[in-house]
Each structure stands twice: as structure tokens, then as C-alpha cells.
Amino acid sequence: MSSPRPDPKPCRQQDVGLFEVTKRDGWARLGKFHTAHGILSTPAILPVINPNIQTISAREMWDEFAVDGIITNSYIIWKHDRLRESAIESGIHELLDYPGVVVTDSGTFQSYIYGDVEVENEEIVAFQHDIGVDVATMLDVFTRPDMSAVEWRQGVMTTAERAGPAISAAQGTLLNGPIQGGLDIELRRESAQLMGSQPFAIHPIGGIVPLMEERRYEELFTMILAIRRDIPAERPIHMFGCGHPMLFPFAIALGIDLFDSAAYVLFARDGRILTPEGTIHLDNLQEWPFPSASLSGVSPEEVRGMKGEARCALLARANLEITLAELARCRQAVHEGKIWELAESRSHCDPSLRKAWNSIIARKNSDAAMSGLVESQHLQRGGGIRHMEDSPIHRPDLEHIRNAMEQRWKPPPIAGWNGRGEHRFVAIFALAQAPWRRSIEGYVKRLLLLNPAAIPVVATPMGLLPYSLEDINPYAHLMRTQTEMRDLDDEFIETELQRLGLVDFPMNIIFVAADEDIMESMIDAVAHAEQLGEIDLTVLDEEANHQAVTRWLQRCSVVDKLALFVNVEPAKSWQAVGKGKMVMSRTGRIKNILTADGTHIASPRLTDGGISLTLEGAKWLHGLNTAEVGELSGPAVIQVDDDAEPFVRKGRNVFHGFCLSADADLRPGQPCLITNSSGELIGHGISRVDENEMMAFRKGIAIRVRDGIRNK
Ligand code: GUN
């Protein structure tokens, strides 16, 4: 027999109640919530334990299912003399025989079901403190969706009024501060702000069980999207009563850290099985359409023949197993930066979920919540992107780079590679296969040789892409069967050109064909049409011209990547690299970018088409004069305190709590410059947070430092 799972180690005393983010994918985050009964790794589900009927015992939850935290109801314990006395005497952990994190609810849910409860807010909170729970819950007012607007407001106000007394009654025990407000989004935001202003440890979103029961996912997710930014960033967000695995990817993508639910046992009682694709009834099964250790060796037929309690216990175990597995899958997706891809695939499982998905995805950037969500996504990311015919290009994780291109990319200088370009036009290469440097680079060069002012652009499934950025992720890494742009219609092209600031130039579409002769005559015809005169084909004969165009394209690529990923004004990059050198790899790709005096300032990354600054590059950017209005302002600057300075100088990471200020345009995954308290550059790195999170969190890494400037 394997030895039982050891008890958890308490976190450090000073860390109790702190939440630390270790990895993120937009708003989705992998975190650690620190408690006296161990560290809860999030996103996590707290299975509901009924102290009277433990279909799966709390001990089994710990030992067999490796569940690090559970939730139980303090009101049920308080109401039953035997349980209450035992809990007071030996504590909740002993009562339940559970060594991990114990969260308790307060009786609010009972008041929603039965209309009332017999306990007051302060009494039930003090009771939770007395029995030693890790996180208690105040007595909030459950705001049902079918209540009136007046009742919703009363619910929010009463809950907010009870917050202060609850915090006093908790005497230091960590406390849940639920957010209520029915279906009124603005009221929900107000509730989040009111509750967020009090020292709660976690913020559950309450009053949503009826929405989930009625599959009103669109309203539910719209509300979560809207209130995220009103909840203090450094506190976990809990979705009260959500336990259906089908909802996890979407909820996590919208920033949810914790779930709780009795669904695993409630559904089992009805003979239903929870799966990430939906609910299945035992009566309809000939086979188990999913793997399950609990159900292995027994057929659906045999389970149907079992007695009620035994059948419920078996199905509850299967439900819990599947629920935990889906959560693990979501965590892995966050780890890989693919939570939106997973949410998209799950959105096909249920019509209401798909509707909710479509409605969230369709939100415009003018919607402040949506733009916050989009901007939290990593701009430079790796890995292939699964892309279906109907995949929306404005999915938040893809939209960010499209927005950044709209805001930061500028056409190259009109003079072009030979300083003689005059007739600006856009040439869109359509139907070309990625990698585009292989499929069309020869044609792009021919076009530029004939017309140095041409702007080559590629039509990709994700929209138009300047050729200079042809190898960037996700454009160059879409996994799909066809590479043509889905809607090469006039309206789409017009919108795309508008986004790139190219709408005022003449435009030609070059449909890429396999036959080289046809392609060359097409390029010549386009160049001719736009040249307003005879084109000079002799330019193609000189090897020096070909080399000059190659060098020009390399510089365009460097300048454009510095703009897109490092927010450097193109004119400033041209000054630095226009006369600089490139160190090339044996395969003909740029390895190092040097300025005219040989300083190595950056290197393109082959894996994701991004760019990495060197320490010299950081010094160059720090030395640039401040940006004029309308210019790109360079990477965000973070000022750290004197304690952190020596560590940063040695190249060690910046931890939360050591930062004095951060620029407002700081974004996760983007490069940043680090200065000391006197504004002197001491290093550079990649931020893991935005400005607000930088100042709000108290634990964890804030900036991954790439290099520091050592003291002489
Ligand atoms: N469980 C499910 N919904 C709720 C809620 O709104 N408040 C509390 N306290 N518990 C819940």
C-alpha cells in the first residue's frame, strides 16, 4: 500500500492570505494562495463537503483525490449541536478529518433556498473564526436574477454595510467578500468597488447559481468581464456555486481563480455525469465515453443495476475525477498560453455557451473592459495556433497584436532602398503559403527593385500583415489547412488597410501563382501601373541592387519589430540601425542587430519572430530623448527602491513590494527598463504585470530581469 499523503506545510506566518501569480495568460492566471494549512494552487475547485453526508469523505478528498482545499457550510455546523460542539472543541480540520485548506460559507445560500436563516452576520463570522477555518464568509445577501432593481441595490448595500462588522468579528481570520448586484452590471461594479475597498482576502461572485442553472451564460460572462477591473488585482476571484467543468476554460480566461460546487454529488444523485463537453445521463450510456479510474472495470449497465447510494458514490467519484482533470487541463492551457484556444473549442459544446462566446468575442475595443482584457494578453508568444475556418480573428489573445500593429506600425520611408522612391502603393500578396520568406520573398524583392516606394503586405488568415513582419507569431504559426484569407472582399480589405494606415495609397492585389514567369510578369505589370512611366528593368541586372534591397528588407524588419514589440518610434530606430550592421546566421536569418558603431542592441528571436533587447539596447533606449506627442514612447520604465537595486544590478528578478513607480503603459510580457530611485538605468527585463498589478501585489515576481548594469 502506498503511504498516505503527508499533511500540508503551513505557509510563512507573514504570507497568510497573500496571493501570488506564477504564470498568466491574459487575465487567466496560475497562482498560489497562501494559508496556514498549505498553499492552494489556483485555478482550483473547492469541492463542497456536507458535514452530515459525506458521499466522498474529506479525508478521501485529501488522500485519494489530492484536493488541496474544500468548502463546507458553517451554518449547517452551527445549527447542529453535535457538530457545533465538536467543531468548537477540536476545530474544523479535526471535525472533518481534513488537513488542507478549509473554506466555509455562511448560510447565505440556505437563505436563498429556504428564504431565511436564524443567524446574524457577526455571530456566524465569529463562529467560523472560533472553529479555525482558513477562509470564512460573511453573511451576504443573495441577489437573485428575478429580484427587482430596488432589491438588488438593497442587497448590495446591506452586504456592504455588513462588511466592516464581519471583518471585526473575523478577528484576523481570512474572509470572503462576496460581490452581489443581480443582473445590473453597473451595480455589480459598484459592489466590487465597495467590497474591494475592505480588507477581504478573496472576492466570490455571488447570486449567480440561477444563471448557471438556466444556462444564461451570456449574462454571466458579460458581468464577469465587466467587473474584473473593479476587483483588487491581488485577490483571487471565486465563482460561487460554479462546478460544471464545461464552464471552466471560459471562466478562467475571464480571470476566475476559484470554483466551488456540490455538482459532483448532486448530479451523481440524479444519475448524471459531468464532462467538459456537457452532462450525460447514465441511462443513455452503453460505454463510458471518457477515461475514469473510478469507473474502470464496471460497465454503465452494471452501474445502472446498483443500489442508489452505491451508484451515487461511484458516479460522484467519477464526476470529481473528471472535474479535477478538466481543471488540470485548463491550468496546462494557461501555462502554454492557450486558454482562449481551449475556451473556443469548449464553446462548441453548448449552444448557450457558444452564444456567450460570440457575444464576448464580438465586443469592440471601445468597450473598456474588453480593451483591458485584450491588452493583458502577451504580444510576443510562441507555439502553433490552431485556427479553424470559423475562428474569430478578434479573439482576445489574437486581437492584441492586431491592435498593437494598428497603433505602432508605420510604413517605411518612402525613399526606399535606393533613396529614389516616389510612388507609394500597397501590394497585397494573396494566397501565399507561410513561411512567406520562402514563398514570396523573391517577388517582394523584384517589386521593390522596380519600385522602391512599394509597401508589400501579405494577406493572411488573421488579416493583412506588412511583409517586414512576415515571421511573427501568431501570423506565421497558424495551423490550418488553407492559407488564404477568408474574406478577401472589398470591405474587409478596406478595414484592414485602415488599421495599418494604408488606406489612402493605391492598392494592388497580387494572387500568388505557382508559375514563376506568370508571377514575374504580374509583378512587372503592377510596378509599371504604379510607376506613372516606363519601368526600368535593367535595375534587376545589378547584383549590388539585389544586395541593397536585401539589406533594406532586413532593416525594415528590425525597425518594425522594435516598433511593434518594444514601442520604439520608427524614426529613432532608423537612426540607430539605418547605417548599422546585421550579423547573419548560416541560414540567412538575422542573428544580431548592431548600430553603426558596432553596438549590439537587440536580436530577433527565430522561434516566435519577436525581438530581444540587449543591455546595450536598453541603454540606447533609456538615452533617447523623451517622445514627442504622437510618437511611440519606448518601453515602460519601472523605478525600484534602494533595497532591490543591488539585486537588479546582478540580474536578479524584481519582486513585488520593491517597486516605487511604474509607467501607465506597462503591460505583461512586454520589455521594460528598470531604474533606481534617482532615475538611473540599472537593468531591463520583461514585465509580468501591468502598472496597477505592479503596485497591488505583495508577493511574487514582478519583472523577469534579463540583465543588470553591474556596479563598477
Ligand atoms: N453560494 C452560492 N451562491 C452564493 C452567494 O451568493 N453567497 C454565498 N455566501 N454563498 C453562495
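Whatever order the structure lists them in is the order used to number ligands and atoms, beginning at 1. All heavy atoms count here, side chains included; hydrogens, waters and symmetry mates do not. Because the structure is a prediction, the values reported are computed rather than measured.
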Derivation of the side chain to side chain donor-acceptor pair (under 3.5 Å) call for Thr137 and Asn176: CA-CA 5 Å; Thr137 303; Asn176 272 323; 3.0 Å; yes

Pairs satisfying ring pair (Phe, Tyr, Trp, His ring centres under 6.0 Å), at least one member in residues 17-43, at least two apart: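 Output for this query lists His37-His93.
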
Over 12 non-hydrogen atoms of neighbours within 6.0 angstrom of NZ in Lys699: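 For Lys699, atom NZ is crowded (more than 12 foreign heavy atoms under 6.0 Å).
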
Glu120, CD atom: more than 12 neighbouring heavy atoms under 6.0 Å: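 Atom CD in Glu120 is not packed in, count stays at 12 or less.
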
Modelled atom types, side-chain donor and acceptor of Gln377 and Asp397, under 3.5 Å: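 No, no side-chain donor-acceptor contact under 3.5 Å.
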
Between Gln128 and Thr104: side-chain donor-acceptor atoms closer than 3.5 Å: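 Yes, a side-chain donor-acceptor pair sits under 3.5 Å.
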
Residues in contact with ligand 1, criterion: heavy atom under 4.0 Å: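 Residue list for ligand 1: Asp105, Ser106, Thr108, Phe109, Thr137, Asp140, Phe142, Gln180, Gly206, Gly207, Val209, Phe240.
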
